[in-house]
Protein chains: 2
Amino acid sequence: MARDQRSTEAGRSGGGVTLAEVAAAAGVGESTVSRVLRRHGSYSGRTRDRVIEAVERLGYVPNRIAGTLASTASRLVAMVIPSVTNIVFTDVLNGIGGPLEERGYQAVFAVTDYDPRREESLVAAMLAWRPAAVILAGLEHTEATRRMLGAQACRVVELLDTDGPAIDLAIGISNRAAGRAGAGYLLGRGYRRIGYLGHDPFRDRRAGKRLEGFRAALAEAGRPPAAEMVLEGASSVARGREGLARLLAGAPGLDAVYFSNDDMAVGGWFHCLEAGIAVPGRLALFGHNGLDIGAALPQPLATLRTPRDAMGREAARLVLEDAPAQVLDLGFELIPGATA
Amino acid sequence: MARDQRSTEAGRSGGGVTLAEVAAAAGVGESTVSRVLRRHGSYSGRTRDRVIEAVERLGYVPNRIAGTLASTASRLVAMVIPSVTNIVFTDVLNGIGGPLEERGYQAVFAVTDYDPRREESLVAAMLAWRPAAVILAGLEHTEATRRMLGAQACRVVELLDTDGPAIDLAIGISNRAAGRAGAGYLLGRGYRRIGYLGHDPFRDRRAGKRLEGFRAALAEAGRPPAAEMVLEGASSVARGREGLARLLAGAPGLDAVYFSNDDMAVGGWFHCLEAGIAVPGRLALFGHNGLDIGAALPQPLATLRTPRDAMGREAARLVLEDAPAQVLDLGFELIPGATA
DNA sequence: TTGAAAGCGCTAACAT
DNA sequence: ATGTTAGCGCTTTCAA
């Protein structure tokens, strides 16, 4: 492949056969080629064959940039997510991608790193592509982000959370209810000295809301958290492991720990294994999300399964169907596991 | 937010203020607005202020579709990857995303599900957006994919593998060398009855190449694999766990197992834990990739760390610098861990 | 069934 | 320093 023929300045006309050239080669008008290619309007079988032949002979690749501009109807969907390495978001992407691709939509994405200001500038950049929909995580955004999105004629989907007002469509679960459910389960199993170990609840507002629900449920039962520890930065197995060691050092009498998510909880399980702490006999562990790794543990993790794939599919469906604005709570499922 | 104002048919002029309107509002020409917005060419400070004021007052969002068409220079980068839920790919995406965004590029992506035919049709769809670069995984593609990519004036980056001819740029490691290194390490540690447990080596050609290297190295040492098992479908912790149980049932005398990757190896470690198999005393385990989860195990996993983040960064750098066609082998690092 | 022509909203000469 | 104008490659009336 001759390097010299390539260039970052891609897409210059040199690099592409145009529809006009195809029309000329096939001996028909441009609009006829356009109709044939989009299978829209009417044309004779003979005309179609000549167009197809010319398209293949010339290796024509339609220019969607031009097509989108001309039709003023974009088939781009913008996804602005906190992280690509967190499986929670990629599960959702996965569910969203299939239906969208089938209908000829393309996904454009950008990563905010859990930073609302970054989200704001990325949303602005995305809107410049005139997407049919913008998909975000959570309901917390800067005022400017909400204003931009509100002013635009595109659909807006906020994922993973239903605790609060939505801009347009919201699909997810109630994280406060999830936190309450976890606390309720542990109380129901007889645990009384329950602690919390989590990652940054301000950057990850959904984790923060679970913590609120967890605290509220325990308080109402007259058993407020016996210890709480919040680690800076993102969640990870390693942090869960080290974190639990530190939490227990300060509060050795805990009989159960509610983690901000499964990654942290798996790390906690590793710590118990290493430190010889019997689970759930001496310490019960409870996670959140229902990841595969938790289920694959020799002792399946007690957790709450969130329907991430379904969130993605429903998001795609509502956008494609042009459904009315709504908040859709998909609920969660409690997985008793063997660690609590 | 009134639902009725939204529509999937987004981006129709109703939804957007145009540059012409900004120009009129500011009392200047269109090209002046364009210059100010792109900080290109010359204009007075006073003019700039009036333009900025009009932009903000009208809530103008530039239309990049139109801008790209007019300048015939796209700032879109297409990523066509096998999976979004496999952390190996998202680590690379992560490394690539930052530098690209900084320079005003946007990432468009699509998921092939390890299917070359799907990759072919997705590449075709991507080329319609006239991307500045197309990023793929691996060196194995259909003939049609290679032809399309070769005919286009955009850069092509093939990631994660350097064992074979590249279309334009290739950045990764030699997977055959990785397989050899794993085998060599196990032999060097004195293991003699070495088995293999992996996921589909035909869909995941990189895993297949590691298996080839592994086999070759053992054969050359006069110690061919004592047992091999290949599972259908994608790799996962659960498959590694069940797979190892079955592999050992058929070959109880193994003293080491080389896994297709860390997910599988972690699953194997779980099996050993549950079955009371001493690691590495009775059975040594070796993975591939150097994932965090392996390092967080109570016994750190013996593995090979692949520079996934660097692959992404280098890919972005070479594309942005418009570097000559080349194959860049970033090498790997052996992590002895504690399981082998 | 088909073609001609007028844009879509911007950029990039080219004038001034 | 700024405005005018001709496209970019396609879709979409509107006639024929």
Side-chain angles (χ1 to χ4, degrees), chain A residues 9-51 54-55 58 60-76 104 127-130 152-153, chain B residues 9-51 54-55 58-76 104 127-130 153:
Chain A
E9 309 294 317
R12 34 182 73 276
S13 42
V17 179
T18 70
L19 183 141
E21 297 177 82
V22 173
V28 300
E30 296 187 29
S31 49
T32 300
V33 176
S34 177
R35 279 183 217 112
V36 171
L37 258 28
R38 284 175 303 122
R39 295 186 188 77
H40 189 277
S42 49
Y43 43 83
S44 70
R46 211 172 127 279
T47 302
R48 186 198 56 226
D49 294 344
R50 288 168 58 189
V51 169
V55 162
L58 300 178
Y60 172 66
V61 178
N63 183 330
R64 272 221 180 194
I65 302 275
T68 300
L69 179 61
S71 67
T72 53
S74 142
R75 295 200 152 217
L76 242 24
L127 288 176
W129 290 101
R130 296 294 187 272
Q152 223 55 25
Chain B
E9 308 295 318
R12 33 182 72 277
S13 42
V17 179
T18 69
L19 182 142
E21 297 177 80
V22 173
V28 301
E30 296 187 30
S31 50
T32 300
V33 176
S34 178
R35 279 183 215 112
V36 170
L37 259 26
R38 285 176 302 124
R39 296 185 187 77
H40 188 277
S42 49
Y43 43 83
S44 71
R46 209 172 131 279
T47 302
R48 187 198 55 225
D49 294 343
R50 288 168 58 190
V51 169
V55 162
L58 300 177
Y60 172 67
V61 178
N63 184 330
R64 272 218 175 195
I65 302 275
T68 300
L69 180 61
S71 66
T72 51
S74 144
R75 295 200 151 217
L76 242 25
L127 288 177
W129 289 101
R130 298 291 187 273

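To find a chain, count down the sequence lines: A is the first, B the second, and so on, and within it residues start at 1.
Panel note: side chain S71(A), backbone G67(A); a donor-acceptor pair is recorded below 3.5 Å. Remark: the backbone N or O of A26(A) is paired with a side-chain donor or acceptor of R50(A) at under 3.5 angstrom. With hydrogens and angles ignored, the 3.5 Å screen pairs no side-chain donor or acceptor of R39(A) with any backbone N or O of V36(A).
With dC10(C), dC10(D), dT12(D) as the choices, the nucleotide that has an atom nearest any side-chain atom of Y60(A) turns out to be dC10(D).
Shown here for V22(B) and L58(B), the closest heavy-atom pair between the two residues is CA-CD1, 3.9 Å. Closest approach of R64(B) and G104(B) over heavy atoms only: NH2-O, 3.1 Å.
Rounding to whole angstrom units, CG of residue L69(B) and P of dG7(C) are separated by 17 Å. Separating the CD1 atom of I65(B) from the P atom of dG9(C) is a distance of 12 Å, rounded to the nearest angstrom. E21(A) has its CD atom 13 Å from the C1' atom of dC10(D), to the nearest Å. Summarising the geometry, the separation between CG on L19(A) and C1' on dT11(D) is reported as 9 Å, rounded to the nearest angstrom. When the C1' atom of dG7(C) is taken as reference, atom CG of N63(B) falls 14 Å away, rounded to whole Å.
The stretch residues 36-50 of chain B touches DNA chain C through R38(B), each having a heavy atom under 4.0 angstrom from the strand. The stretch residues 23-35 of chain B touches DNA chain D through G27(B), V28(B), G29(B), S31(B), T32(B), R35(B), each having a heavy atom under 4.0 angstrom from the strand.
Considering only heavy atoms from C-beta on, R130(A) stays 4.5 Å or farther from T72(A) through its side chain. Side-chain contact between W129(A) and L76(B) is present, with heavy atoms from C-beta onward closer than 4.5 Å.
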Exercise for review: Step by step, work out the side chain to side chain contact (heavy atoms under 4.5 Å, CB included) result for T18(B) and N63(B).
Suggested key: CA-CA 8 Å; T18(B) 69; N63(B) 184 330; over 6 Å; no

